[in-house]
Amino acid sequence: MNLNLQTTLLGGQAFNWDYIDNKYYGFTHNGLIIIDNGKITQINENVDMDEYLGNNLDYESIKKEINKDKHIDEAIKHIKNITVLKQDFLLTTTSYILATNKNIPSIRKSIRVLSQMYGTPILGTNHNTFPTPKSLALAPIEDLKKASIGYRAPYLKETSKLLADIQLPNKKEDIRKVLIDMPGIGPKVADCILLYSLGYLDTVPIDRWMYNIAKDIYQVPYTKNEDISKWYTEYFGKYAGIAGQYLFEYYRLK
DNA sequence: AACCAGGCATGGG
DNA sequence: CCCATGCATGGT
């Protein structure tokens, strides 16, 4: 499959990729991943890129399975070949704590400032690594606020402490509870973590966009986010999270 | 300038 | 349990 890297890497699910001179640069806790015309180079990193990009799944049959109606069909046709990434758990969790009630450009910017402050330079590049929970846990809150994260700063610090030596339970619902107990993590962020890093592809995080899509396009009667999320999962099935990603990226750009 | 953003924590009913 | 409100700050 000819992946749509533009929307997949620079859209709403990852904030650690830059697009410079026709190349994608993704900074991680350890190093840098470069994608140049499909050729992947990793600097001080060893990510299974097929798994990361979702290339280990049969997206042609997944797209058939989730293509339940004309709305999702339209989204699939226009957005073309995005996948749901399987990202590092700590990186994803850190990112989405910062993402609450912010727009995507602003989230990206905050993460870059933090990486300049608390990441380490990647030799031979202009990038810094993505800050680790350990480094963020030690940072003064006033310094964290220099990244324009406002009231999220104490959440980031406290949850980073917890993340530094976390061990997750096995079942999805148990993981979700553990995550929601952490500062700055509610149902939406927990679901993003489950979907974008832990492989629970039936999960549909509900933000304003996904809420409005359910109400306006699908005429879903429910008003609570949890009910709408369940509706998405029941309607689209085990790959509902992928369906949600197509809908999100399509209707967000409309 | 006003409104919104991949929401969460808190307090009151 | 449910709902309302405040929240820092930047993007549009």
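Lettering follows sequence order; numbering is per chain, from 1.
Ring stacking holds between A:F248 and B:dG6, with the centres under 5.5 Å apart and the planes within 30 degrees of each other.
Note on A:D202 versus A:K172: salt bridge recorded, some NZ/NE/NH1/NH2 to OD/OE distance being below 4.0 Å. No salt bridge links A:E142 with A:K157; every basic N to acidic carboxylate O contact stays at or beyond 4.0 Å. A salt bridge is absent between A:K39 and A:D36: the closest approach of a Lys/Arg side-chain nitrogen to an acidic carboxylate oxygen does not fall below 4.0 angstrom.
The separation of B:dC3 from C:dG6, taken at their P atoms, amounts to 15 Å, rounded to a whole angstrom. When the C1' atom is compared between C:dG11 and B:dA1, the two are found 14 Å apart, to the nearest whole Å.
Put simply, CZ on A:R152 is 10 Å from P on C:dG10, counting in whole angstrom units. As rounded to whole Å, 7 Å separates atom P of C:dA8 from atom NZ of A:K145. Rounded to an integer number of Å, the gap from A:N101 CG to B:dG6 C1' is 10 Å. When the P atom of B:dC8 is taken as reference, atom CE of A:M182 falls 14 Å away, rounded to whole Å. Remark: P of B:dG7 and CD1 of A:I206 are 12 Å apart, rounded to the nearest angstrom. One interatomic measurement links the two molecules: CD1 of A:I111 to P of B:dA5, which rounds to 19 Å at whole-angstrom precision. Distance A:L98 CG to C:dG10 P: 14 Å, rounded to the nearest Å. Straight-line distance from the OH atom of A:Y151 to the C1' atom of B:dA9: 10 Å, rounded to whole Å.
With both pairing distances under 3.5 Å, C:dG10 is matched to B:dC4 as a Watson-Crick or G-U wobble pair. Across all strands shown, the partner of B:dG12 is C:dC2, judged by Watson-Crick or G-U wobble contacts whose two distances both fall under 3.5 Å.
Between C:dC2, B:dA9, B:dG6, one nucleotide has an atom nearer to the side chain of A:Y155 than all others, and that is B:dA9. Closest to the side chain of A:S106, from the set C:dG10, B:dG6, C:dC7, is C:dG10.
Heavy atoms of A:Y196 sit under 4.0 angstrom from at least one base atom. Heavy atoms of A:Q245 sit under 4.0 angstrom from at least one base atom. Using a 4.0 Å heavy-atom distance criterion, A:R208 is classed as a base contact. The residue A:I104 sits close only to the backbone: its heavy atoms come under 4.0 Å of sugar-phosphate atoms, none of a base.
Considering only side-chain N and O atoms, A:S148 lies under 4.0 angstrom from the phosphate OP1 or OP2 of C:dG10. Listed pair A:K224 / C:dC2 meets the phosphate criterion, a side-chain N or O lying under 4.0 Å from OP1 or OP2.
Aromatic ring centres of A:Y196 and A:Y96: separated by under 6.0 Å. You'll find the ring centres of A:F27 and A:W17 outside the 6.0 Å limit.
Between A:V204 and A:I185, the residue anchored nearer the 5' end of DNA chain B, judged by the nucleotide with its closest heavy atom, is A:V204. The 5' end of DNA chain C is approached more closely, in terms of each residue's nearest nucleotide, by A:I149 than by the other of A:P105 and A:I149. Between A:T100 and A:N103, the one whose closest nucleotide on DNA chain C sits nearer the 5' end is A:T100.
For A:Y211 and B:dG6, a side-chain-to-base donor-acceptor distance below 3.5 Å is absent, hydrogens and geometry of angles not being considered.
Paired with A:S95 under the rule side chain to side chain contact (heavy atoms under 4.5 Å, CB included), one option of A:I111, A:D88, A:I193 passes, and it is A:I111.
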